[in-house]
Participant: 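Quick one: structure below, then a few questions.
Atoms within each ligand, like the ligands themselves, are counted from 1 in listed order.
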Amino acid sequence: MSARSSTSVASPNIALAKYWGKRGVPGNVPATPSVSITLSGLTTRTSVTFDDDLEHDVFVLGGNETKGTPLERVTKLLDELRAHAETRARARVVSDNDFPTASGLASSASGFAALARAATKALGLSLDDVALSRVARRASASAARSIFGGFVGLGTEDDAAAMPLASSSHWELRVVVAAVTTSAKPISSTTAMERTRTSSPYYEAWVADAPELAREVREAVLARDLERLGVAAEASALRMHACALAAGPGIVYWTGRTLELIETVRSLRKEGIAAYFTIDAGPHVKVLCDARDAETVELKLRPLAVRTIITRPGEGARTMDEPS
Ligand code: PMV
């Protein structure tokens with residue numbers, strides 16, 4: 001093995017057209033197509049060191065050694081790459097986010113994208129980005145999209161990998177992130193999706209409707225049409241949450257603050273500012289707007305949030321020794 005150690009960084013992505021639910025085939029394949037923006041300004045940094053003296057993988061997240069499901073998911077991804085590299089060496093994985101973990105700010109997307117990139121490099125494997133995206137998808141479907149920068153699509157085919165739609169310089173869009181808590185979300189997206197699939201009476205309607213919205217989002221991105229994008233992105237988020245709310249027991253990711261932020265975005269629109277929200281598996285609200293309106297939007301959201309961050313389309317997962 002030539003390289004034994006590597007460090008990568010990756011950024012979360014925000015889905016404009018949401019994936020929610022998995023197809024009943026092996027390998028964590030989404031039931032709905034999605035379109036996302038990889039964001040600059042939020043970063044996961046992950047180092048992977050393969051060491052023949054280790055008896056099992058070690059996963060240190062945010063300074064704490066982690067066991068249980070998070071470690072199992074890391075080991076599963078590493079097992080796939082170990083099989084490619086024909087090695088049994090265990091690894092020490094050290095990962096840090098500069099934003100709240102597991103709270104709906106897509107830390108699993110950036111986390112597994114950075115892990116896949118760093119582990120591949122450390123093992124000396126040469127996988128292209130599409131193959132790497134497929135590896136990341138099996139760990140976390142949204143992570144498949146964070147391999148790429150800019151605007152990215154992910155389909156629902158058996159061997160789905162994300163595909164770049166447009167680069168980060170395609171559009172001077174801003175996403176103002178309004179984080180309403182630093183705590184972890186009450187239910188993981190994997191558990192919530194499965195409960196939605198098996199118990200929400202709206203699940204079939206969601207899956208049937210989502211491809212049309214994803215198409216609309218894709219076209220709006222390519223046309224740089226903010227109003228068209230915003231209307232479709234809000235519809236995708238609201239339909240995803242409506243479907244989850246209707247599960248048994250209902251999945252409620254929102255807090256009072258989430259609703260106040262939605263109201264604020266709608267009142268900004270009444271004042272003539274083109275601002276549109278999206279919400280993932282957590283209470284935080286992310287607002288799409290033009291670069292010229294970002295500071296006005298951020299100032300309006302700030303009193304309702306524990307933290308606001310103005311982000312823009314950013315780069316895909318990269319090892320630290322590659323030009324970014
Ligand atoms: O891939 P996961 O388990 O992080 O789930 C992502 C689900 C959403 O963020 C709500 C939607 C999406 O497409 O990213």
Participant: Mind checking what makes side chain to side chain contact (heavy atoms under 4.5 Å, CB included) contact with V58, not counting sequence neighbours?
Facilitator: L54, H56, V60, E65, R92
Participant: Take a 6.0 Å sphere around CD of E86 and say whether it holds more than 12 heavy atoms from other residues, nucleotides or ligands.
Facilitator: no
Participant: With respect to T44, which candidate in S11, S95, S8, P12 satisfies the side-chain contact (heavy atoms from CB on, under 4.5 Å) definition?
Facilitator: S95
Participant: Suppose I only count heavy atoms of W20 and a 4.0 Å limit; which atoms of ligand 1 are within that range?
Facilitator: 10 (C)
Participant: When you check the gap from the basic side-chain N to the acidic O, do R302 and E298 get nearer than 4.0 Å?
Facilitator: yes
Participant: S34 versus ligand 1: do any nitrogen or oxygen atoms come within less than 3.5 Å of each other?
Facilitator: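 Not met; the criterion fails.
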Participant: For ligand 1, which atoms sit closer than 4.0 Å to a heavy atom of S108?
Facilitator: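 Reading through ligand 1 atom by atom, the close ones are 4 (O).
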Participant: I want to confirm something. Looking only at heavy atoms, which of K22, K18, R145, R137 is nearest to atom 14 (O) of ligand 1?
Facilitator: R145
Participant: State whether the number of non-hydrogen atoms from other residues, nucleotides or ligands found under 6.0 Å of E194 atom CD is greater than 12.
Facilitator: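 Yes - once you tally the heavy atoms of other residues, nucleotides and ligands closer than 6.0 Å, there are more than 12.
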Participant: Just distances here: any N/O of S142 and N/O of ligand 1 closer than 3.5 Å?
Facilitator: yes
Participant: Atoms of ligand 1 less than 4.0 Å from A15 heavy atoms?
Facilitator: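 So the answer, numbered in order with elements, is 12 (C), 13 (O), 14 (O).
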Participant: Does ligand 1 have any atom that is closer than 4.0 Å to a heavy atom of A141?
Facilitator: yes
Participant: For ligand 1, which atoms have a heavy atom of A281 less than 4.0 angstrom away?
Facilitator: 10 (C)
Participant: May I ask you to list the atoms of ligand 1 that are less than 4.0 angstrom from any heavy atom of M240?
Facilitator: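 Once the distances to M240 are compared, the set is 10 (C).
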Participant: Would T264 and S267 count as having a side-chain donor-acceptor pair, cut-off 3.5 Å?
Facilitator: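 S267 and T264 do not have a side-chain donor-acceptor pair below 3.5 Å.
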Participant: Taking both backbone and side-chain atoms of N13, is any N or O found less than 3.5 Å from an N or O belonging to ligand 1?
Facilitator: no
Participant: Applying salt bridge (charged side-chain N to carboxylate O under 4.0 Å, His left out), which residue pairs with at least one partner in residues 142-154 are found, sequence neighbours left out?
Facilitator: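 Not a single pair qualifies under salt bridge (charged side-chain N to carboxylate O under 4.0 Å, His left out).
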Participant: Any carboxylate oxygen within less than 4.0 angstrom of a Lys/Arg side-chain nitrogen, looking at D79 and R82?
Facilitator: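 Looking at D79 and R82, the cut-off is met.
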Participant: Can you sort out which atoms of ligand 1 are near S189, meaning under 4.0 Å from one of its heavy atoms?
Facilitator: 2 (P), 3 (O), 4 (O), 5 (O)
Participant: Taking only heavy atoms of M193, which atoms of ligand 1 are found under 4.0 Å from at least one of them?
Facilitator: 5 (O), 7 (C)
